[in-house]
Amino acid sequence: MKIAVIGGGAAGFFAALRAKERYPKAEVFLFERTAKLLSKVRISGGGRCNVTHACFDLRELVKNYPRGNRELLGPFHTFGPKDTIQWFKERAVDLKAEEDGRMFPVTNTSETIIDCFLNEAKRLGVKICLQTKLESIQKNGAGFELHMGEKVFVDRVILATGSSKLGHDLARGLGHSIQTPVPSLFTFNIPSFSLKELSGVATIANLKIGKLEQTGPLLITHFGFSGPAALKLSAFGARLLAEKEYHVALQVDWIPDQLESALQSEIDLQRSAHPKKRLINTKLTALPKSLWRALLERSGFSDVLLGSLSKSSTSKLFDVLKRDRYEAKGKTTNKEEFVTCGGITLSEVNFKTMESKFTKGLYFCGEVLDIDGVTGGFNFQNAWTTGYLAGGSAIS
Ligand SMILES: Cc1cc2nc3c(=O)[nH]c(=O)nc-3n(C[C@H](O)[C@H](O)[C@H](O)COP(=O)(O)OP(=O)(O)OC[C@H]3O[C@@H](n4cnc5c(N)ncnc54)[C@H](O)[C@@H]3O)c2cc1C
């Protein structure tokens, strides 16, 4: 039995290791078109590799996948974050969770993960072929004919080519349809951004585009909004945003934890105690002081005294704090992590084995599928889970 894994990224590598572990007698080949293995693993998480997320309630876990949430629930029962932690532990790699749930190797370097994989590949006897690009693939009886400069015949193929167009074309050639790839996980550009002086300030906010919304840390940058809330919104809105060519109205609730009625009570209290105090110098919310001042100055509240705050200006204040509006035009790639929304249509894949429903012996894993997660280690977890299933099912 010969198993060919196409793509030496996170998913392909994990699939190859699992296949060779499960079927020691099979020959497992890992073909990578470039001269380097695991390139994204190396640069991921700022060079630290955000391996997974400490989320062990699988129903909660799948909520972090704008695409693939329904399909991944079963696979996560077979190989979820707990299994990832255990897998690495058994190979002397300890992972640690940060406060926000992201998990990294305790060594804080992605080289630990790469070394672990390379050692495993050596120990198990996975045959690695670099600078070997799969150009085309044909079904040949029960197996496959691969064209990579020369012809190679194999019994099983695991396609783990990430978001590459060639990978999608190869899958198309074997009967699959592709959900159009568009970017996910990006930040929003706001032309003439009124808050750019506050670049670097972060707060918890609610960000909305039409019916889509996300609450979480929002980072103000020179050119617009970034941070987890913006990135998550870009992931869940990836298709809609692409359709609108990234030109959308953004609504910001700067104080999502504070109801208007609570804010009104606080205003009433402060007004009767300090009617001569300027609103801008009064602490009514948990917003960073610089942001509070900037929002009020921009909206003409610079000189307003608490005692002279009329009903109509209070309602204008609520609009600024709870329904602030910005026009986003364009996006910027987030240097930390970006993924592709789109790929092989999920209904065409058996998620118990990752086998194609159209071509027997063909398996998929990782980002080549129409699966993507938000930032935080979820994309690698998809690569490990689907890689584990594909590798472990290839000769069933
Ligand atoms: C800068 C950056 C940082 C990231 N950080 C994180 C993070 O910290 N945590 C997280 O969860 N996710 C992170 N991600 C996302 C994560 O890296 C990807 O989701 C994951 O690497 C996908 O793995 P994959 O194996 O499916 O695809 P890839 O990693 O893209 O690997 C596909 C491989 O296939 C090869 N290939 C393609 N076509 C062919 C062919 N025809 N023949 C042979 N080989 C081929 C490619 O050269 C490539 O090596 C990050 C992404 C980026 C870009």
Side-chain angles (χ1 to χ4, degrees), residues 4-17 29-53 55 61 64-65 67-68 81 84 95 98 100-105 108-110 113-114 117 128-137 146-149 152 157-171 173 181 183-186 231 235 333-344 354 363-388 390-391:
V5 180
I6 316 299
F13 218 104
F14 213 68
L17 296 180
F29 297 90
L30 180 64
F31 296 111
E32 165 57 43
R33 70 175 168 188
T34 69
K36 284 188 193 143
L37 295 162
L38 299 161
S39 306
K40 286 190 191 166
V41 172
R42 181 165 280 113
I43 56 169
S44 65
R48 293 198 299 148
C49 189
N50 180 192
V51 178
T52 186
H53 202 94
C55 177
L61 181 66
N64 293 287
Y65 295 84
R67 284 145 294 270
T84 303
L95 304 181
E98 306 220 316
D100 59 6
R102 291 179 305 154
M103 297 198 76
F104 297 89
N108 268 331
T109 164
S110 53
I113 304 298
I114 293 172
F117 281 177
I128 296 175
C129 311
L130 293 176
Q131 291 176 296
T132 313
K133 178 173 165 189
L134 177 64
E135 305 275 3
S136 66
I137 179 167
L146 309 181
H147 298 219
M148 302 188 281
V152 177
V157 172
I158 299 177
L159 199 64
T161 44
S163 53
S164 91
K165 181 175 176 311
L166 178 53
H168 291 158
D169 290 344
L170 293 169
S184 180
L185 291 182
F186 47 82
L231 292 170
T333 304
N334 177 40
K335 64 181 182 321
E336 277 290 301
E337 188 175 335
F338 56 88
V339 290
T340 302
C341 149
I344 293 164
M354 304 314 297
Y363 298 77
F364 303 109
C365 55
E367 221 176 297
V368 71
L369 293 155
D370 182 23
I371 296 181
D372 58 277
V374 299
T375 180
F378 302 101
N379 286 298
F380 278 142
Q381 186 56 56
N382 167 48
W384 316 139
T385 300
T386 52
Y388 184 90

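Indexing begins at 1, ligand by ligand and atom by atom, following the structure's order. Computed from heavy atoms alone, side chains included, the values below leave out hydrogens, waters and symmetry copies.
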Any side-chain heavy-atom pair of Ser164 and Arg33 under 4.5 Å: yes

Region of Thr161 that comes within reach of ligand 1 [heavy atoms, distance under 4.0 Å]: both

Close-contact set for ligand 1 against Phe378 heavy atoms, below 4.0 Å: 11 (O)

Contact (N/O only, under 3.5 Å) between Asn50 and ligand 1: yes

Contact check: Ile43 vs ligand 1, nitrogen or oxygen atoms, below 3.5 angstrom: no

Ligand-residue contact atoms, ligand 1 with Gly377, heavy atoms, under 4.0 Å: 9 (N), 10 (C), 11 (O)

Ile6 side chain reached by Ile158 side chain, heavy atoms, under 4.5 Å: no

Polar contact flag for Cys365 and ligand 1 (N/O pairs, less than 3.5 Å): no

Side-chain heavy-atom pair Leu37, Phe13 within 4.5 angstrom cut-off: yes

Proximity winner for atom 7 (C) of ligand 1, if only heavy atoms of Phe13, Trp384, Phe31, Phe380 are counted: Phe380

Under-4.0 Å heavy-atom contact with ligand 1, by part of Arg33 that carries it: both

Contact check, side chains of Ile344 and Asp370, non-hydrogen atoms, under 4.5 Å: no

For Gly45, the ligand 1 atoms whose distance to one of its heavy atoms is below 4.0 Å: 5 (N), 8 (O)

Ligand 1 atoms in contact with Gly366 (distance to a heavy atom under 4.0 Å): 26 (O)

Thr34 contact mode with ligand 1 (heavy-atom cut-off under 4.0 Å): side chain

Nitrogen or oxygen atoms of Ala383 and ligand 1 under 3.5 Å apart: no

Side chain, backbone, both or neither: Ala11 near ligand 1, heavy atoms under 4.0 Å: both

Close-contact set for ligand 1 against Lys133 heavy atoms, below 4.0 Å: 42 (N)

Note, Thr161 side chain near Leu166 side chain (heavy atom, < 4.5 Å): no

Heteroatom distance test (Val368, ligand 1): nitrogen or oxygen, under 3.5 angstrom: no

Residue Val339 vicinity, atoms of ligand 1 by number, heavy atom under 4.0 Å: 15 (C), 19 (O)

Ligand 1 atoms in contact with Leu166 (distance to a heavy atom under 4.0 Å): 41 (N)

Geometric class of the Phe378/Tyr65 ring pair [parallel <30°, tilted 30-60°, perpendicular >60°]: perpendicular

Under-4.0 Å heavy-atom contact with ligand 1, by part of Ser163 that carries it: neither

Evaluation steps, ring pair (Phe, Tyr, Trp, His ring centres under 6.0 Å), between Tyr388 and Trp384: CA-CA 6 Å; Tyr388 184 90; Trp384 316 139; over 10 Å; no

Contact (N/O only, under 3.5 Å) between Lys40 and ligand 1: yes

Where ligand 1 meets Asn379 - atom numbers and elements under 4.0 angstrom, heavy-atom basis: 11 (O), 12 (N), 15 (C), 19 (O)

Part of Val51 with heavy atoms under 4.0 Å of ligand 1, whether side chain, backbone, both or neither: neither

Sidechain N-carboxylate O distance under 4.0 Å for Glu98, Arg48: yes

